[in-house]
Amino acid sequence: MKNTEQTRDFGGWLKRFEHTSTVCQCDMTFSVYLPPQAEESKVPVLYYLSGLTCTDDNVRTKAGAQRYAAEHGIALVMPDTSPRGDAVHDEPERYDLGMGAGFYVNATQTPWAPHYQMFDYVNHELPALIEANLPVTDARSICGHSMGGHGAMISALKQPGRYRSVSAFAPIANPVNCAWGEGCFGAYLGDDQSEWKNWDSTCLLEAGAECPPLLVDQGGGDNFLEAQLSFPALQAVCKSKGIDATLRLQEHYDHSYHFISSFIGEHIAFHAKHLTD
């Protein structure tokens, strides 16, 4: 992996890397924040998955997360949201399908399957690369926003024991029942909607998936709340299954990084408790 950029940040280093991905069959970019503690010993890792239209750059420049990662001695890994490049299929007229909208699933359908293997990329290929080349341990937690909140939750629910904790900001919690999810799932996974449920956190919880410690914040003023995010469905399944989760509706907050930056410190503290126990 090639280090293309680095900046001193809260006593640590904010770095950007490029590498050739085997699973996505293209060059991928990701950012890592290494806190000052990483200069003395290996540190645990929090993976942050971004939302529709984003790259790794959004969170590292807008969330203010590095300050809290330095305070708690946690590395932040910030992947891109999809494969990219001239050979990668895209729908340029769509913001919610194709590049920038990988949805963190493993696509099975033509022409998406050769490159859109984002679940395997963020959960297996990238962590293996990080753990082999950077001063980090194999203690992992995962967080995300919107589409990335969906990605974080399915990553934890589909792989018991891989992540010590999971959190999300305004996750697309029930994608089988919203336009964003239906559009991407139909393209990437095909017409069999029973397969879609294997990539839906609400459906996975309903089916009995084991859930690690969970924190979700949802803005009450989010303009996507009713049509796309299905926060009430997530609340209902956690209640019906007796899942010990903290699900908070934050009055007046929207879907933006103003919302995320207001609560990112609490999320990192939540993960730090589980990563350092």
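FYI, the numbering just counts along the sequence from 1.
- Under the side chain to side chain contact (heavy atoms under 4.5 Å, CB included) criterion, T20 pairs with D27, sequence neighbours left out.
- For S82, the side chain to side chain contact (heavy atoms under 4.5 Å, CB included) partners two or more places apart in sequence, or in a different chain, are R84, M99, Y116.
- With respect to S165, the side-chain hydrogen bond (donor to acceptor under 3.5 Å, both in side chains) criterion is satisfied by exactly one of R140, H271, H274, H267: H271.
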Side-chain donor-acceptor pairs of residues 198-205 under 3.5 Å, sequence neighbours excluded:
residue, atom, partner, partner atom, Å
N198, ND2, E195, OE1, 3.0
W199, NE1, E195, OE2, 3.1
D200, OD1, N174, ND2, 3.3
D200, OD1, T202, N, 2.9
D200, OD1, C203, N, 2.9
D200, OD2, N174, ND2, 2.9
D200, OD2, V176, N, 3.0
S201, OG, A173, O, 3.0
T202, OG1, A173, O, 2.6

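- Taking every heavy atom of both residues into account, A152 and G144 meet most closely at CB-N, 3.8 Å.
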For a quick test of your reading: what N or O donor-acceptor pairs under 3.5 Å do the side chains of residues 66-74 make, sequence neighbours left out?
residue, atom, partner, partner atom, Å
Q66, NE2, D9, OD2, 3.1
Q66, NE2, R60, O, 2.9

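- Applying the side-chain hydrogen bond (donor to acceptor under 3.5 Å, both in side chains) test to N3 and every residue at least two apart in sequence or in another chain returns nothing.
- Cluster partners of F270, by chain and number: L215. The rule joins Ile, Leu, Val, Met, Phe, Trp and Tyr whenever side-chain heavy atoms lie under 4.5 Å apart.
- Between Y253 and F263, the distance from one ring center to the other falls under 6.0 angstrom.
- If you take OG1 on T29 and NZ on K2, they are separated by 10.5 Å, rounding to the nearest 0.5 Å.
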All N/O donor-acceptor pairs, side-chain side in residues 236-246, below 3.5 Å, sequence neighbours left out:
residue, atom, partner, partner atom, Å
S240, OG, A236, O, 3.3
S240, OG, V237, O, 3.1
K241, NZ, E206, O, 3.1

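- Applying the side chain to side chain contact (heavy atoms under 4.5 Å, CB included) test between V45 and each of V77, L134, D138 identifies V77 as the sole match.
- In this structure, the side-chain hydrogen bond (donor to acceptor under 3.5 Å, both in side chains) partners of S256, at least two apart in sequence or on a different chain, are D254.
- When all heavy atoms of N123 and Y163 are compared, the pair lying nearest together is OD1-OH, 2.5 Å.
- Under the salt bridge (Lys or Arg N to Asp or Glu O under 4.0 Å) criterion, R162 pairs with no residue at all, not counting sequence neighbours.
- If you look at F259 and F169, their ring centroids are closer than 6.0 Å.
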Would you list the atom pairs, donor with acceptor, under 3.5 Å between side chains in residues 221-231 and any protein atom, with sequence neighbours excluded?
residue, atom, partner, partner atom, Å
D222, OD1, F224, N, 2.8
D222, OD1, H255, ND1, 3.4
D222, OD2, Q218, NE2, 3.3
D222, OD2, H255, ND1, 2.5
Q228, OE1, A179, N, 3.4
Q228, OE1, W180, N, 3.1

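- Shown here is K15, whose NZ atom has more than 12 heavy atoms of other residues, nucleotides or ligands within 6.0 Å.
- Listed by chain and number, the residues in a salt bridge (Lys or Arg N to Asp or Glu O under 4.0 Å) with R16 are E5, D56, D57 (sequence neighbours excluded).
- Residues meeting the side-chain hydrogen bond (donor to acceptor under 3.5 Å, both in side chains) test with N58, sequence neighbours left out: none.
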